[in-house]
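Some notes on the structure that comes next.
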Amino acid sequence: MSGMRRVPRPPHGPVAIATSPWIVVGAGVVVMVVLLIVALGAYRGRSPAPDGAQPPALPVPSAVVAPSVPTSVPSPAPVLPGISGRASGLPPSTAAGSPSADPTLDPVGKPTATRSPSRAAPEQPAMTGRYRVVQSFDGGFIGEVAMVNSSSRSRGWTVRLEFSGGRLVTAWVEGVPQGTVRQSDDGFTYVSGVEVSPGGSVSLRFHMERAPSTPRECTVDGVRCNGL
């Protein structure tokens with residue numbers, strides 16, 4: 001036995017790897033192949049979808065609620081005095097958004113300035129008359145209505161005199177053609193026989209018996225005489 005030669009055993013551990021370089025090379029090749037496979041899989045996952053393919057629908061979270069659009073809320077209509085909106089309800093004309101029934105309020109209930117209608121100046125009558133007593137005597141008097149034409153054209157005229165009792169004796173116009181007299185129980189009406197020129201004047205005189213000197217009514221073309 002002492003003459004036999006011992007066969008050496010192969011080394012173990014790091015010494016074996018160091019003495020066998022083909023093992024290190026083979027392991028590196030395996031690692032590189034694995035890394036290449038992983039890289040190709042990741043690249044294919046990021047590649048764009050082919051033409052015509054629909055992208056996958058993303059789930060919408062149930063907790064997401066679309067924001068509501070604010071709507072305009074009409075302002076409450078003004079409560080008018082004497083009307084209760086809770087008890088009887090507002091009238092249709094005063095509801096929100098409708099014109100106010102009060103002309104002094106605008107559609108939102110604010111008071112508006114009102115303008116009083118302008119009053120035109122009273123028109124000057126064309127013929128004006130003034131009454132006076134010319135002469136008084138026992139049992140009667142002589143009166144006069146002096147008239148002036150204030151218009152811009154020639155015009156005729158009508159005088160109406162009323163008394164509380166009495167009797168008309170006569171009536172006349174001085175210096176011009178006479179007109180027409182119509183008597184009644186309470187006085188008389190005189191219609192001119194000639195027109196008065198613009199700015200001209202004329203006087204009607206009359207004789208009354210058993211009558212008060214102040215007439216109950218005196219008018220020229222329906223306008224009350226002055227001097228009463």
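For the numbers below, each heavy atom of this structure counts, side chains included, while hydrogens, waters and symmetry mates do not. Just so you know, these numbers come straight off a predicted model, no measurement behind them.
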In terms of hydrophobic clusters joined by side-chain contacts under 4.5 Å, are V181 and M208 together?
-> yes
What's the verdict on side chain to side chain contact (heavy atoms under 4.5 Å, CB included) for V159 and L161, showing C-alpha distance, side-chain angles and the deciding distance?
-> CA-CA 7 Å; V159 173; L161 284 160; 4.2 Å; yes
Name all residues meeting the side-chain contact (heavy atoms from CB on, under 4.5 Å) criterion together with S213; count only those two or more places apart in sequence or in a different chain, and write none if there are none.
-> V133, F141
Shared hydrophobic cluster for V31 and I37 (ILVMFWY, side-chain gaps under 4.5 Å) | no
Does the side chain to side chain contact (heavy atoms under 4.5 Å, CB included) test come out yes or no for V173 and S192, once each step is laid out?
-> CA-CA 9 Å; V173 180; S192 65; over 6 Å; no
Any chance you could measure L228, atom CG, to T219, atom OG1, to the nearest 0.5 Å?
-> 10.0 Å
Hydrophobic cluster membership, F188 vs V169, 4.5 Å side-chain cutoff | no
Could you walk me through whether C218 and V145 pass the side chain to side chain contact (heavy atoms under 4.5 Å, CB included) test, one step at a time?
-> CA-CA 9 Å; C218 173; V145 179; 4.0 Å; yes
With a 4.5 Å limit on heavy-atom distance, are the side chains of P198 and S154 in contact?
-> yes
Mind checking whether L204 and W172 have side chains closer than 4.5 Å, heavy atoms only?
-> no
Minimum-distance pair of heavy atoms, taken over all atoms of V196 and N149 | O-ND2, 2.8 Å
Distance-only, no hydrogens or angles: does the S184 side chain make a donor-acceptor pair with backbone N or O of G187 under 3.5 Å?
-> yes
M147 and V194: same hydrophobic cluster, using ILVMFWY side-chain contacts below 4.5 Å?
-> yes
Are the ring centres of F206 and Y190 closer than 6.0 Å?
-> no
Is it true that atom CZ of R182 has more than 12 heavy atoms of other residues, nucleotides or ligands lying nearer than 6.0 Å?
-> no
Ignoring hydrogens and angles, tell me if any N or O in the side chain of D221 forms a donor-acceptor pair with the backbone of W157 under 3.5 Å.
-> no
Atom CD in Q183, atom CG in L168: separation rounded to 0.5 Å?
-> 4.5 Å
Given side chains that start at C-beta, do those of E209 and F137 come closer than 4.5 Å, heavy atoms only?
-> no
Closest heavy-atom pair and its distance - S150, P125 | CB-O, 3.8 Å
Any salt bridge (charged side-chain N to carboxylate O under 4.0 Å, His left out) involving residues 134-161? Give me the pairs, sequence neighbours left out, ordered by first then second residue.
-> R132-E144, E144-R205, R160-E162, R160-D186
Please lay out, stage by stage, how T128 and V220 fare under the test side chain to side chain contact (heavy atoms under 4.5 Å, CB included).
-> CA-CA 7 Å; T128 58; V220 177; over 6 Å; no
Say whether, by atom type as modelled, one donor and one acceptor occur between the side chain of E174 and the main chain of S203 under 3.5 angstrom.
-> no
